[in-house]
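Beneath this line is the structure, given in structure tokens, with notes to follow.
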Amino acid sequence: MLLLPATFEVVERTAKGWKAVSGPYATGHEARRSLDFALRWAWPRMHWLIPLGADPSADARSFAEGGAAAGAVAAELAGYAGAADALRAAGRVNRLQFRDTVYQIVRTRRLLRWGPGGPEGPRPSDVDGRDPARIHLPLDEDGNVHPAE
């Protein structure tokens with residue numbers, strides 16, 4: 001067995017348990033910064049509160065206070081900015097509630113089982129039923145690319 005270094009992720013509470021919101025980060029601080037970035041910049045754009053063509057330096061607070069958004073959109077952007085401000089003000093907070101969703105910074109440990117035949121493959125009890133992502137295009141024996149089937 002090979003114990004890999006611990007990582008930190010942002011997860012959200014769902015009806016079935018916890019779901020990862022971010023990828024792994026080396027420190028809890030980096031995971032908190034990713035949640036702050038998501039609240040200030042990424043999620044408002046993903047939910048069309050800030051147009052994709054807007055100034056890249058615009059975040060939820062500047063867009064709402066700058067007069068570019070009005071009414072319900074401005075209030076929603078202020079909610080995003082307020083959640084990000086609460087995250088920053090609390091310092092090393094590991095839990096944040098925003099819009100009936102609880103986000104938490106968690107420490108994950110990764111273990112790789114290694115045997116005489118190399119690393120262990122998936123077990124029948126593994127929950128993830130997705131096939132691995134294809135990283136190479138299908139080629140024929142002459143090296144010509146064929147569209148995915």
Inset, instruction - Output every pair passing salt bridge (charged side-chain N to carboxylate O under 4.0 Å, His left out) with a member in residues 95-104, not counting sequence neighbours, ordered by first then second residue. - result: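 Every salt bridge (charged side-chain N to carboxylate O under 4.0 Å, His left out) pair that includes a residue of residues 95-104, provided the two are not neighbours, is E76-R99.
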
Nearest heavy-atom neighbours spanning [X] and [Y]:
| X | Y | value |
| --- | --- | --- |
| E9 | G23 | CG-O, 3.7 Å |
| W41 | P56 | NE1-O, 2.7 Å |
| A38 | P44 | O-CD, 3.5 Å |

Give, for atom [atom1] of [X] and atom [atom2] of [Y], the distance between the pair rounded to the nearest 0.5 Å.
| X | Y | atom1 | atom2 | value |
| --- | --- | --- | --- | --- |
| L39 | L96 | CG | CG | 6.5 Å |
| H29 | R92 | NE2 | CZ | 10.0 Å |
| W18 | E12 | CH2 | CD | 9.5 Å |
| I105 | E30 | CD1 | CD | 11.5 Å |
| Y80 | L49 | OH | CG | 5.5 Å |
| N94 | Q104 | CG | CD | 7.0 Å |

Legend entry - Residue pair D36, R32: steps toward the salt bridge (Lys or Arg N to Asp or Glu O under 4.0 Å) verdict: CA-CA 6 Å; D36 177 65; R32 277 185 221 91; over 6 Å; no

Flag the pair [X] / [Y] as yes when at least one side-chain heavy-atom distance between them is below 4.5 Å, and no otherwise.
| X | Y | answer |
| --- | --- | --- |
| T7 | T27 | no |
| L35 | Y103 | yes |
| I50 | L77 | yes |

Inset, instruction - Without swapping roles, check the side chain of S22 against the backbone of V10 for a donor-acceptor pair under 3.5 Å. - result: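 Present.
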
Inset, instruction - Indicate yes or no for a side-chain donor-acceptor contact from D142 to the backbone of N144 under 3.5 Å, with no hydrogens or angles considered. - result: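 Here the side-chain-to-backbone pair does not exist.
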
Inset, instruction - Can you establish whether the number of heavy atoms outside R33 located under 6.0 Å from its atom CZ is more than 12? - result: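 Counting other residues, nucleotides and ligands, CZ of R33 stays at 12 neighbours or fewer.
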
Legend entry - Cation-pi, W43 ring and R45 (6.0 angstrom, 45 degrees): no

